Amino acid sequence: MSASWADVADSEKAASRAKPAYVPPHLRNRQSEPVAHLPQNDRGGYGGQPSRWAPGGGVGGGGGYRNDVGRPGQGYGGRGSGGWNNRGGGWDREVNPFGDDADLEPAVLENTGINFDAYEDIPVETSGGDVPPPVNTFADIDLGEALNLNIRRCKYVRPTPVQRNAIPILLAERDLMACAQTGSGKTAAFCFPIISGIMRDQHLQRPRGSRTVYPLAVILSPTRELASQIHDEAKKFAYQTGVKVVVAYGGTPINQQLRELERGVDILVATPGRLNDLLERARVSMQMIKFLALDEADRMLDMGFEPQIRKIVEQMDMPPRGMRQTMLFSATFPSEIQRLAADFLSNYIFLAVGRVGSSTDLIAQRVEYVHEADKKSHLMDLLHAQRETQDKQSLTLVFVETKRSADALENWLCMNEFPATSIHGDRTQQEREVALRSFKTGRTPILVATDVAARGLDIPHVAHVVNFDLPNDIDDYVHRIGRTGRAGKSGIATAFFNEKNAQLARQLAELMQEANQEVPEWLTRYASRASFGGGKKRGGGRFGGRDFRREGSFGSGGGRGNDYYGGGGYGGGGYSGAPSGGGYGGAPSGGYGGGVTSAWD
DNA sequence: AAAAAAC
């Protein structure tokens with residue numbers, strides 16, 4: 001069904017030999033792409049097989065039934081089963097988001113090939129008063145029966161480091177600012193406590209009678225695709241808990257979302273613009289908000305977003321900090337942004353946590369000097385080489401600077417018989433979702449993207465991230481390369497560097513050095529030359545950041561805290577790098593054996 | 001200067 005890269009390339013090569021007809025990319029995508037409303041599961045690992053799983057709790061299952069909220073890529077195949085949702089639509093059938101539930105056998109929960117010892121080496125730093133201690137297993141946490149069952153259905157065996165630390169903090173009703181590596185299981189880390197907390201508060205009566213709805217939790221995301229992904233995840237975690245999760249974002253008709261909201265909402269996942277719209281229309285009120293979560297929090301508070309977020313959090317009807325629980329998550333958290341974020345938080349705990357084989361160990365980073373004019377041919381060389389060596393599943397994500405150049409590069413790749421598609425903010429939402437699905441399924445194993453795809457998106461099988469144009473911000477680089485090397489798999493990141501990127505040289509060289517990557521000699525020269533620019537102070541590659549409240553105590557007022565980078569002075573002790581096998585050697589060195597789904601996000 | 005996010 002999904003053609004592999006090599007297959008597509010070969011067949012297209014053959015076709016073009018016979019008849020060199022160029023098909024523009026936008027038409028190409030339409031040809032055999034399923035229509036928008038056709039339910040199709042594009043999330044790897046959760047299978048599209050209709051399930052005949054019957055809920056163990058004795059809640060009746062429905063007949064053959066498919067629910068489709070009307071967004072492409074949304075519908076899960078599966079048999080609906082009645083939930084006991086007692087708010088706004090208890091009659092609703094809840095789709096089983098677990099395509100395949102075959103094994104809830106104890107055997108699955110053991111012998112998973114996970115190197116548990118490696119968990120002991122995770123560097124963790126917390127600050128703030130009275131930090132609740134971490135837990136070692138999900139069983140150590142009282143999340144409730146229904147949620148525990150869903151965790152098992154997700155085949156999460158043990159909590160990831162960020163979950164081990166963040167969940168107890170959040171269950172203790174503390175505010176949290178959390179820095180954790182890309183792909184480290186952040187979504188579950190904030191979803192579990194939210195769902196659990198809402199289940200406990202289910203007696204809460206909310207105003208009725210008007211068309212206004214009163215969610216108890218709101219989760220904000222900087223992009224629509226990430227909001228959609230969080231929604232999908234949250235629905236799995238909330239299955240049969242009676243907690244209703246709804247998503248709202250722009251680029252798609254609002255009426256469907258309004259109808260969905262009217263049927264009841266506990267957790268609203270949203271992008272800022274659409275949420276503001278809903279608030280202004282008084283279709284959503286935040287009076288009852290108990291939980292506020294910002295994913296990719298540093299992005300949510302950067303110059304473009306800050307006013308919108310401030311409006312939502314401070315100028316509408318949201319309870320003030322201290323009267324709600326606020327949680328901010330990101331892989332990067334520059335101190336300027338932490339300073340802004342502190343406005344939203346009350347007596348919060350700062351948490352910075354690494355992971356088993358941090359992404360920097362699992363991602364082989366390369367930098368190549370490529371003049372602007374040579375980039376395309378250089379990319380082609382890479383793709384040709386990769387076509388020879390990589391397996392057919394593997395995907396390549398190519399980042400460019402502008403929407404225009406994304407279109408141009410996609411077009412150029414297609415003309416040169418490379419099956420590519422693109423995603424950026426000038427494409428319609430439908431085009432964006434089609435492109436993403438086409439990439440995920442391997443139909444077009446090359447995706448050209450702007451930074452819209454840089455953060456949070458979990459795309460299995462991305463083997464190679466190419467920074468065709470490097471970003472100006474090193475944190476953006478961190479997020480981009482984090483699209484590969486996920487869930488314990490290794491990945492490659494290649495960057496094209498030239499004069500235009502001189503400003504980034506020093507930070508890039510430092511980042512690579514911290515990650516035990518080979519830094520080309522010419523880059524080191526660039527880095528020392530461009531040292532005046534310096535760029536911003538990074539929190540450190542291993543932790544993703546440090547609490548800005550503690551900066552003074554390290555006496556690094558003007559420069560950067562060398563002690564931070566040196567690894568000295570931290571209770572976590574020595575960081576031992578990759579858990580099994582050294583560095584990048586070809587074979588995945590992560591702690592997960594094949595087929596094991598962990599709680600990485 | 002660019003990207004993202006509402007109509």
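Everything numeric in this text was worked out from a predicted model, so none of it was measured.
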Got a donor-acceptor pair under 3.5 Å from the side chain of A/N472 to the base of B/dA1? yes
From CG of A/L301 across to P of B/dA3 the rounded distance in Å is 22 Å
* To do: Look at the side-chain N and O atoms of A/T450 and state whether any lies under 4.0 Å from the OP1 or OP2 oxygen of B/dA2.
  => no
Practice problem: Would you tell me if any nitrogen or oxygen in the side chain of A/K500 comes within less than 4.0 Å of OP1 or OP2 on B/dA1? | Solution: no
Q | Side-chain N,O (A/T271) to OP1/OP2 (B/dA6) below 4.0 Å | A | yes
Among the nucleotides B/dA5, B/dA2, B/dA6, whichever has the atom closest to the side chain of A/T402 is B/dA2
Testing B/dA5, B/dA6, B/dA4 for proximity to the side chain of A/Y249, the answer is B/dA6
### Query
Touch check for A/G304, heavy atoms < 4.0 angstrom, all strands: base, sugar-phosphate only, or nothing?
base
Here the distance between atom P of B/dA4 and atom CD1 of A/I309, to the nearest Å, is 16 Å
A/E225 CD to B/dA3 C1', in whole Å, measures 13 Å
Exercise for the section: Decide yes or no for A/L409 and A/K375: does some side-chain heavy atom of the first lie under 4.5 Å from some side-chain heavy atom of the second? Expected result: no
**Request:** Would you indicate, yes or no, if B/dA6 has its OP1 or OP2 atom less than 4.0 angstrom from a side-chain nitrogen or oxygen of A/R224?
**Result:** yes
Of all heavy-atom pairs linking A/A453 and A/I423, the shortest is CB-CG2, 4.1 Å
Checking B/dA4, B/dA3, B/dA1 against the side chain of A/H424 (C-beta onward), the nearest is B/dA4
If you apply the rule side-chain contact (heavy atoms from CB on, under 4.5 Å), what do you find for A/L382 with A/T494, and how did you get there? CA-CA 9 Å; A/L382 284 181; A/T494 306; 4.0 Å; yes
From CD of A/Q429 across to P of B/dA6 the rounded distance in Å is 9 Å
Rounded to whole Å, NZ of A/K403 lies from C1' of B/dA1 at a distance of 12 Å
Fill in: Side chain to side chain, A/E233 and A/C191, heavy atoms closer than 4.5 Å
no
In whole angstroms, the gap separating C1' of B/dA2 from CG of A/D426 amounts to 11 Å
From CG of A/D295 across to P of B/dA5 the rounded distance in Å is 14 Å
Parallel, tilted or perpendicular: which describes the rings of A/F192 and A/F237, with under 30° parallel and over 60° perpendicular?
perpendicular
**OP:** Scan A/R281 against the nucleic acid and name what it touches under 4.0 Å (heavy atoms): base, sugar-phosphate only, or nothing.
**Re:** nothing
Side-chain N,O (A/R283) to OP1/OP2 (B/dA6) below 4.0 Å: no
Distance col, row A/M316:CE vs A/L275:CG, nearest 0.5 angstrom, shows 8.0 Å
A/L226 CG to B/dA5 P, in whole Å, measures 11 Å
Side-chain atoms of A/E401 come closest, of B/dA3, B/dA2, B/dA6, to B/dA2
Inset, instruction - Just call it for A/D451: base, sugar-phosphate, or nothing, with non-hydrogen atoms closer than 4.0 Å on any strand. - result: nothing
